[in-house]
Number of protein chains: 2
Amino acid sequence: MSNRAARTAPKIPAASGKRTANGKARALEADGEIGLDGLLGHAGYAVRRFQIWIFQDFVCTLAAVDIKPTQYSVLTVIGANPGLSQMAVAQRLGIERARLVHLLDSLEDRKLVRRVRSRTDRRSHALHLTARGEASLRQFKLLAAEHERHVAEKIGSENREQLLRILSSFT
Amino acid sequence: MSNRAARTAPKIPAASGKRTANGKARALEADGEIGLDGLLGHAGYAVRRFQIWIFQDFVCTLAAVDIKPTQYSVLTVIGANPGLSQMAVAQRLGIERARLVHLLDSLEDRKLVRRVRSRTDRRSHALHLTARGEASLRQFKLLAAEHERHVAEKIGSENREQLLRILSSFT
DNA sequence: AAAGATTGTTGTTGACGACAACAATTGTTC
DNA sequence: GAACAATTGTTGTCGTCAACAACAATCTTT
């Protein structure tokens, strides 16, 4: 256990403490229970809250190597498919090519990725990991696996797998 | 079916067409199948993609009334708990009070919400729906229910309920 | 009464999705 | 083969959103 989820990032309010900082719970409304009414039946709301939690845990877990979820996804795809064009990566990950430009600029500055001009199509760049990039990615994957264990601890291992099945059509 | 998810918002590329606009599929890599490698096992990636889809459908479905998910959640909570302070609403929904200020400014401009100075604590504002706000919220809920049916169509009704169960601890 | 905490507010920063325009290059069509 | 259309990478803008810092007004605590 411990403070795994408190490093560089957000303010993770110690889960569900909800006291007014000095120990006195808010007594304004009813009993402290604020109803969500219709929101409880909305998948989008639950998913949004979960997404925020998962994002924060990922950032915290990979804070030491300064890799954010999007960067990780880009490195992973390039690592698994060397030579892809920026367009192909952007399409596959569902991010805009305009945004990928900046992501790659950053990763290239850190010597993790190389842009090589394609000879078959001189408009596009073939993307490759550098040696340093491949070594780093191996380490990132270890940390990402640790993050994934946090998720399993949070919602339950079987629930996590079920969730992956349910959402498999979105990958 | 039909083009329900194409109104004001994004560019929904007709699902998984993936052809280069003129009918010739990209042949650069392997066979068109770009592996995601490790990403497939990450709940965060699937959740992110799903969250984007669900957000877009919500925005499209409620485009006619110009209500975004966050606005809807604020209206719902205020409607179910009249008199809440901004701080209480922000805490309950997990949004920052700084951000809630602008959200309420917008909703108040549209005469959907009123800020009333609390007599017990003159720092805080008691939040209420206007009559117009309550009537509007009823309509918004109908549209939100329609959106929720879209979700059920997309991932399956039983999967949706299971997902709500799995993520119930985040609401 | 003085010190500290809370509430609403304003402003800044950075990540992100959407969009528009551009140069270079490729593909298509007549 | 020349004119036109489409694609790729790039730059820039706009709006949303989370995080954070600072402030005045107002409780709360000591």
Side-chain angles (χ1 to χ4, degrees), chain A residues 8-13 19-28 48-49 51-53 55-56 58-60 66-74 84-91 93-106 108 115-127, chain B residues 8-13 19-28 48-49 51-53 55-56 58-60 66 68-71 73-74 84-91 93-106 108 115-127:
Chain A
T8 309
K11 249 204 189 147
I12 225 145
R19 359 195 99 259
T20 172
N22 56 3
K24 175 173 298 183
R26 57 176 155 58
L28 282 177
R48 169 180 160 263
R49 299 297 296 258
Q51 215 272 330
I52 292 175
W53 184 90
F55 184 91
Q56 289 181 349
F58 188 99
V59 171
C60 291
D66 191 29
I67 287 291
K68 260 84 71 76
T70 315
Q71 295 175 314
Y72 179 75
S73 68
V74 171
L84 279 186
S85 70
Q86 299 186 189
M87 202 50 207
V89 171
Q91 270 184 186
L93 290 176
I95 57 189
E96 290 195 37
R97 63 185 201 272
R99 169 149 176 61
L100 186 60
V101 171
H102 301 297
L103 286 168
L104 288 175
D105 285 348
S106 161
E108 208 170 24
R115 280 189 253 224
V116 184
R117 299 207 69 93
S118 167
R119 274 197 84 273
T120 65
D121 186 342
R122 288 164 54 193
R123 292 172 301 181
S124 66
H125 294 161
L127 301 174
Chain B
T8 308
K11 249 203 191 148
I12 225 143
R19 0 196 99 260
T20 171
N22 57 2
K24 174 172 299 184
R26 57 176 155 56
L28 281 177
R48 170 179 161 264
R49 300 296 298 258
Q51 216 272 329
I52 292 175
W53 183 91
F55 185 92
Q56 288 181 350
F58 188 99
V59 171
C60 290
D66 191 29
K68 260 85 71 76
T70 316
Q71 295 174 313
S73 68
V74 170
L84 279 186
S85 70
Q86 298 186 191
M87 200 51 207
V89 171
Q91 270 183 186
L93 289 178
I95 56 188
E96 289 195 38
R97 63 184 201 272
R99 170 151 173 59
L100 186 60
V101 171
H102 302 298
L103 285 169
L104 288 175
D105 285 348
S106 161
E108 208 171 23
R115 281 189 253 224
V116 185
R117 299 207 69 93
S118 165
R119 274 198 82 273
T120 65
D121 185 343
R122 289 166 53 196
R123 291 171 302 180
S124 64
H125 294 161
L127 301 174

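The sequence lines fix the lettering, A, B, ..., with proteins before strands; numbering per chain opens at 1.
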Enquirer: Among dC27(D), dG17(C), dC16(C), which nucleotide sits nearest the side chain of Ile52(B)?
Expert: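 Among the listed nucleotides, the one closest to the side chain of Ile52(B) is dG17(C).
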Enquirer: Between Ile95(A) and His125(B), which is nearer to the 5' end of DNA chain C once each is assigned its nearest nucleotide?
Expert: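 Residue closer to the 5' terminus by nearest nucleotide: His125(B).
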Enquirer: Taking the side chain of Asp105(B) as heavy atoms from C-beta outward, which of dT8(D), dC20(D), dT10(C) is closest to it?
Expert: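 In terms of side-chain proximity for Asp105(B), the closest of dT8(D), dC20(D), dT10(C) is dT10(C).
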Enquirer: So, does Arg117(B) use its side chain to make a donor-acceptor pair with the main chain of Arg122(B) at under 3.5 Å?
Expert: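 Checked: pair present.
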Enquirer: Starting the side chain at C-beta, find the nucleotide from dC16(C), dT10(C), dT8(D) nearest to His102(B).
Expert: dT10(C)
Enquirer: Go through Arg99(B) and Thr70(B) one step at a time and tell me if the side-chain contact (heavy atoms from CB on, under 4.5 Å) criterion holds.
Expert: CA-CA 11 Å; Arg99(B) 170 151 173 59; Thr70(B) 316; 4.3 Å; yes
Enquirer: Can you tell me which nucleotide in dT25(C), dA15(C), dT9(C) comes closest to the side chain of Arg122(A)?
Expert: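 For Arg122(A), the side-chain atoms sit closest to dT25(C).
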Enquirer: Please report the interatomic distance CD1(Ile67(A)) to OG(Ser73(A)), rounded to the nearest 0.5 Å.
Expert: 10.0 Å
Enquirer: Need one value for Arg117(B): base, sugar-phosphate or nothing, where a base atom within 4.0 Å counts as base even if backbone is also close, heavy atoms only.
Expert: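 No contact at all - Arg117(B) keeps every heavy atom at 4.0 Å or more from the nucleic acid.
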Enquirer: Taking only N and O in the side chain of Arg123(A), is any of them less than 4.0 Å away from OP1 or OP2 of dT7(D)?
Expert: no
Enquirer: Tell me: CG of Asp121(A) to C1' of dA6(D), nearest whole Å?
Expert: 12 Å
Enquirer: May I have the distance from Lys68(B) (atom NZ) to dG17(C) (atom P), rounded to whole angstrom?
Expert: 16 Å
Enquirer: Below the 4.0 Å mark, does dC17(D) have OP1 or OP2 next to a side-chain nitrogen or oxygen of Thr70(B)?
Expert: yes
Enquirer: Is Gln86(A) touching bases, backbone alone, or none of the nucleic acid, heavy atoms closer than 4.0 Å?
Expert: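 Counting heavy atoms under 4.0 Å across all strands, the contact made by Gln86(A) is with sugar-phosphate only.
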Enquirer: Which comes earlier along DNA chain D counting from the 5' end, the contact point of Arg119(B) or that of Pro69(B), where each point is its nearest nucleotide?
Expert: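 Comparing both residues, the 5'-ward one is Pro69(B).
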Enquirer: Start with the C-alpha gap between Ile95(B) and Leu103(B), add the side-chain angles, then the distance that decides, and say whether side-chain contact (heavy atoms from CB on, under 4.5 Å) holds.
Expert: CA-CA 10 Å; Ile95(B) 56 188; Leu103(B) 285 169; 4.0 Å; yes
Enquirer: Select from Ala98(B) and Phe55(A) the residue whose nearest nucleotide in DNA chain C is closer to the 5' end of that strand.
Expert: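 Closer to the 5' end of DNA chain C: Ala98(B).
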Enquirer: Rounded to whole angstrom units, what separation is found between the CZ atom of Arg99(B) and the C1' atom of dT7(C)?
Expert: 19 Å
Enquirer: Give the rounded distance in Å between these two atoms: CG of Leu103(B) and C1' of dG15(D).
Expert: 13 Å
Enquirer: For a quick check of understanding: with a heavy-atom distance under 4.0 Å over all strands, which category does Arg97(B) fall into, base, sugar-phosphate or nothing?
Expert: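 Base contact.
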Enquirer: Grab the CG-P distance between Asp66(A) and dG14(C) for me, whole Å please.
Expert: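 Computing the Asp66(A):CG to dG14(C):P distance gives 13 Å.
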Enquirer: Quick one: which of dT8(D), dG8(C), dC27(D) gets closest to the side chain of Met87(B)?
Expert: dG8(C)
Enquirer: Check the phosphate of dA19(D) against Gln56(A), side-chain N and O only, distance under 4.0 Å to OP1 or OP2. Yes or no?
Expert: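 True: Gln56(A) side-chain N/O within range (under 4.0 Å) of dA19(D) OP1/OP2.
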Enquirer: Taking the side chain of Glu96(B) as its heavy atoms from C-beta onward, which of dA19(D), dC17(D), dT26(D) lies nearest to it?
Expert: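 Out of dA19(D), dC17(D), dT26(D), the nucleotide with an atom closest to Glu96(B)'s side chain is dA19(D).
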Enquirer: If I take atom CG in residue Leu127(B) and atom P in nucleotide dT7(C), what distance separates them, rounded to the nearest angstrom?
Expert: 13 Å
Enquirer: If I take atom CD in residue Gln91(A) and atom C1' in nucleotide dA18(C), what distance separates them, rounded to the nearest angstrom?
Expert: 16 Å
Enquirer: Output the rounded distance in Å from CZ (Arg115(B)) to C1' (dT9(C)).
Expert: 9 Å
Enquirer: Donor-acceptor check, side chain of Gln51(B) to backbone of Gln51(A), threshold 3.5 angstrom: yes or no?
Expert: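 Judged by distance alone, no pair lies under 3.5 Å.
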Enquirer: Could you tell me whether the side chain of Arg49(B) and the main chain of Leu93(A) form a donor-acceptor pair under 3.5 Å?
Expert: yes
